[in-house]
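Only a predicted model underlies this, so the values are computations on that prediction, with no experimental measurement involved.
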Amino acid sequence: MNTDFLLVLGMVICLLAVPNAIKAYSESLSPKFATGMILIGGVMFVAALILHPVGYSFADIPHAVLRVMVGIMDFLRK
């Protein structure tokens with residue numbers, strides 16, 4: 001579950017960086033914050049790929065997202 005969480009959180013951080021980068025470019029600013037978010041999210045994603053005992057395939061990623069969502073929902077019910 002820990003590597004699943006790292007994988008999903010890394011993907012979410014990278015996805016959230018995209019609108020920030022678009023906003024920075026539209027205002028002719030340097031996308032420093034978006035670059036940092038992509039860097040952090042990418043490191044988390046790669047760390048999850050490396051630390052998972054068996055490794056992830058592309059077919060495993062949706063299952064990992066569902067496992068994380070179910071884990072969050074179980075945590076919130078308690």
Side-chain angles (χ1 to χ4, degrees):
M1 181 71 175
N2 294 336
T3 56
D4 290 347
F5 188 72
L6 269 176
L7 182 84
V8 173
L9 189 60
M11 287 188 325
V12 168
I13 289 173
C14 286
L15 288 174
L16 288 175
V18 173
N20 193 349
I22 292 171
K23 180 181 179 288
Y25 280 124
S26 69
E27 295 178 356
S28 299
L29 298 173
S30 176
K32 293 177 186 175
F33 187 70
T35 304
M37 287 177 65
I38 290 174
L39 182 67
I40 290 170
V43 167
M44 292 174 78
F45 188 83
V46 170
L49 293 176
I50 292 171
L51 294 175
H52 192 68
V54 181
Y56 286 104
S57 67
F58 285 111
D60 293 335
I61 293 175
H63 298 293
V65 172
L66 289 175
R67 285 191 298 265
V68 169
M69 290 174 63
V70 167
I72 290 171
M73 289 173 62
D74 286 342
F75 177 76
L76 293 176
R77 278 190 218 166
K78 294 180 181 180

Next on the checklist: Looking at every non-hydrogen atom in both residues, tell me the closest pair between Gly42 and Cys14 and how far apart they are.
Outcome noted: N-SG, 3.6 Å
Checklist entry - Distance from Met37 atom CE to Asn20 atom CG, nearest 0.5 Å? => result 6.0 Å
Checklist outcome for this item: For Phe45 and Leu7 the tightest heavy-atom approach is CE1-CD1, 3.2 Å
Item to check | Under 4.5 Å side-chain linkage, directly or through intermediates, the cluster mates of Ile50 | outcome: Val46
Checklist entry - If Ile, Leu, Val, Met, Phe, Trp and Tyr residues are connected whenever their side-chain heavy atoms lie under 4.5 Å apart, and connections chain through other members, are Val18 and Ile13 in the same group? => result no
Item to check | Inter-residue atom distance Ile40.CD1 - Thr35.OG1, 0.5 Å rounding | outcome: 11.0 Å
Next on the checklist: Strictly by salt bridge (charged side-chain N to carboxylate O under 4.0 Å, His left out), give each pair with a member in residues 22-31 just once, sequence neighbours left out.
Outcome noted: Lys23-Glu27
Item to check | Gap separating the CG atom of Leu9 from the CE atom of Met44, nearest 0.5 angstrom | outcome: 3.5 Å
Checklist entry - Taking all non-hydrogen atoms of both residues, which atom of Ala21 and which atom of Pro31 are closest, and how far apart? => result CA-CB, 4.3 Å
Checklist entry - Transitively linked via ILVMFWY side-chain contacts under 4.5 Å: Phe5 with Met73? => result no
For residues 51-65, which side-chain donor-acceptor pairs fall under 3.5 Å, sequence neighbours excluded?
unit_1, atom_1, unit_2, atom_2, d
His52, ND1, Thr3, OG1, 3.0
Tyr56, OH, Thr3, OG1, 3.1
Tyr56, OH, Asp4, N, 3.2
Tyr56, OH, Asp4, OD1, 2.3
Ser57, OG, Asp60, OD2, 3.3
Asp60, OD2, Ser57, N, 3.2

Next on the checklist: Using the rule that Ile, Leu, Val, Met, Phe, Trp and Tyr join whenever any side-chain heavy atoms are under 4.5 Å apart, tell me whether Leu49 and Ile38 fall into a single cluster.
Outcome noted: no
Checklist entry - Going only through I, L, V, M, F, W and Y residues with side-chain contacts under 4.5 Å, is there a path from Phe33 to Tyr25? => result no
Next on the checklist: Hydrophobic cluster membership, with links at side-chain heavy-atom distances under 4.5 Å among I/L/V/M/F/W/Y: are Ile72 and Leu66 in one?
Outcome noted: no
